[in-house]
Amino acid sequence: MPKFSSLSALQTALRAGTTSVRAVVQYYLSQIEKQQALNAYVEVWADEALAQADALDFRLRQKESPGKLFGAVVSLKDNICYAGHQVTAASKILEGFTSLYSATAVERILAEDAIIIGRTNCDQFGMGSSNENSVYGPVRNAAAPDRVPGGSSGGAAVSVQADTCLVAMGSDTGGSIRQPAAFCGLWGFKPSYGCISRHGLIAYGSSFDQIGFLANNPEDIARFLEVCAGPDAYDSTSAEFRVRSTEYREGSCRIAWIPEVFEHPGMDAGVRVVLQNYLEKLRVAGHLLTPVELPKMGSGTLLDYLVPTYYVLTTAEASSNLARYDGVRYGYRASGAKNLEETYRLTRTEGFSDEVKRRILLGTFVLSSGYYDAYYQKAQQVRRLIQEQTLAILQNHDFLLMPVSPTVAWPIGEKSDNPVAMYLADIFTVQANLAGVPALALPAGAHPENGLPVGVQFMAGLGGDGKLLGAF
Ligand code: GLN
């Protein structure tokens with residue numbers, strides 16, 4: 001059980017003077033200390049957090065009215081920029097790099113008096129589903145330390161799971177918030193594409209990336225979303241969205257679900273049981289559940305196209321986004337190079353992990369002139385179809401229910417030598433990013449055999465962010 005159950009409960013206690021912001025920060029710092037073996041943090045900004053706490057306590061004593069997020073202690077994924085602080089995307093290639101500016105989302109939460117306590121471990125450049133692909137080593141799941149926490153925001157998830165902060169700010173390109181949330185028994189939310197500015201988020205797949213949050217309840221996520229959402233001059237893909245969760249609170253929702261998804265060959269039997277029980281719970285709670293058919297596509301169904309389309313397009317975007325790490329402009333530079341070209345080559349050879357290199361190679365290949373039409377352009381067309389099919393279901397229903405992951409958290413090392421198996425684990429999460437729609441993962445129950453957390457996922461139509469966060 002977390003010590004502070006929600007932001008509003010914490011703020012009530014702070015207003016009443018039964019606790020202080022300093023005491024809150026001290027509690028979380030002591031938790032970080034205790035939970036070090038989980039490897040969730042790569043750097044902790046203890047002195048700074050305490051100084052901010054003292055300044056806030058002073059203002060509270062002066063009866064100044066604080067910002068909307070006062071008292072909220074936040075962890076920051078190591079791919080989100082915070083001016084004057086190091087950021088590395090868990091990669092050697094950004095070793096020693098300090099942010100020159102803060103992400104817009106970071107600026108917005110700081111302006112509302114949130115306190116950032118440290119940066120969290122993740123998969124290198126957000127590429128991975130287990131947080132094993134990091135220069136800082138793997139993160140451990142607090143529910144079962146020999147298992148992965150999910151990825152790429154594994155450190156972010158464990159930072160909340162181990163009660164070392166109230167809310168974690170992460171990023172989600174194809175499930176990196178929702179899958180770790182599910183593996184760690186938390187709520188995790190990826191907003192509509194464009195809802196939160198990507199300015200200051202280290203780019204992986206720019207047309208997929210979104211900043212989002214992990215927390216113990218949807219209200220805390222909604223509070224952060226309200227502060228961060230909205231257009232930003234630094235990100236031309238950001239736009240105005242209705243995000244006020246309270247506006248949408250309604251009793252009964254029309255929820256679509258796809259029976260065939262539950263029969264997918266990769267689905268773990270215990271996960272299926274938890275999800276079936278969860279469907280029943282929704283029915284009892286008065287929601288209207290409608291089975292819908294799995295959309296047919298090409299020679300198969302929608303499910304067959306999700307992972308391939310996602311990996312063609314994100315690797316293409318990654319190969320272009322990661323071209324900037326050349327040993328000249330940022331972070332790490334290999335020594336001993338005889339000329340400029342060798343500087344590039346050695347720096348990138350030594351600086352990027354195997355997984356990052358694999359994706360740069362794949363992305364460069366699908367964009368190359370001989371194969372562009374066959375892979376990249378084709379995948380763009382399929383993406384459009386996936387988006388249309390998803391939006392068609394969401395036009396007649398409030399939400400589409402999906403699993404988050406076909407399995408629970410797997411043992412550390414189990415899939416690390418098998419990139420394709422790792423990619424296939426993303427089958428249920430990439431759809432929301434391909435379609436640009438918001439998606440929420442929440443705890444559905446414990447696996448009947450091993451007791452590990454199982455999550456369930458809901459997608460809403462574009463801009464249905466507030467509705468999603470207010471519904472469950
Ligand atoms: N596991 C997916 C990938 O490796 C998703 C990562 C993410 O959302 N950043 O691309």
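Keep in mind it's a predicted model, so treat the numbers as computed, not measured. Ligands are counted one by one from 1 in listed order, and the atoms in each one are counted from 1 as well.
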Derivation of the side-chain hydrogen bond (donor to acceptor under 3.5 Å, both in side chains) call for S207 and R383: CA-CA 11 Å; S207 75; R383 182 183 196 178; 2.8 Å; yes

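For atom 6 (C) of ligand 1, the nearest protein heavy atom (residue, atom name, distance) is S176 OG, 2.8 Å. Protein heavy atom nearest atom 2 (C) of ligand 1, with residue, atom name and distance: D426 OD2, 3.1 Å. Taking atom 10 (O) of ligand 1 as the reference point, the nearest protein heavy-atom neighbour is Y204 OH, 2.6 Å. Nearest protein neighbour of atom 5 (C) of ligand 1, counting heavy atoms only, is Y310 OH, 3.3 Å.
A donor-acceptor pair shorter than 3.5 Å can be found between the side chains of Y41 and T164. A donor and an acceptor atom, one from each side chain of T407 and D268, are nowhere located under 3.5 Å apart. Looking only at atom types and distance, the side chain of Q179 has no donor-acceptor partner in the side chain of S129 under 3.5 Å away.
Under a cut-off of 6.0 angstrom, the local environment of CZ in R358 is crowded, with over 12 non-hydrogen atoms contributed by other residues, nucleotides or ligands.
Geometrically, ligand 1 and G174 share a nitrogen or oxygen pair separated by less than 3.5 Å. The shortest N or O to N or O distance between T173 and ligand 1 is under 3.5 Å. The shortest N or O to N or O distance between G151 and ligand 1 is not under 3.5 Å.
Near M127, the atoms of ligand 1 lying under 4.0 angstrom from a non-hydrogen atom of the residue are 4 (O). Distances below 4.0 Å separate heavy atoms of S152 from the following atoms of ligand 1: 9 (N). Listed by number with element, the atoms of ligand 1 under 4.0 Å from a non-hydrogen atom of Y311 are 1 (N), 2 (C), 3 (C), 4 (O), 10 (O). Each of the atoms 8 (O) of ligand 1 lies under 4.0 Å from some heavy atom of D172.
The pair R223-E219 does not count as a salt bridge, with every side-chain nitrogen at least 4.0 angstrom from each carboxylate oxygen.
With a 4.0 Å cut-off on non-hydrogen atoms, K190 does not touch ligand 1 at all.
Within the 3.5 Å criterion, the main-chain N or O of G154 finds no donor-acceptor partner in the side chain of N121. Between the side chain of Q161 and the backbone N or O of A142 there is at least one donor-acceptor pair closer than 3.5 Å.
Ligand 1 is never approached by K77 to a heavy-atom distance shorter than 4.0 Å.
Considering only non-hydrogen atoms, atom 4 (O) of ligand 1 lies nearest to G128 out of S171, P180, C122, G128.
When all heavy atoms of P145 and R140 are compared, the closest pair comes out as O-NH1, 2.7 Å.
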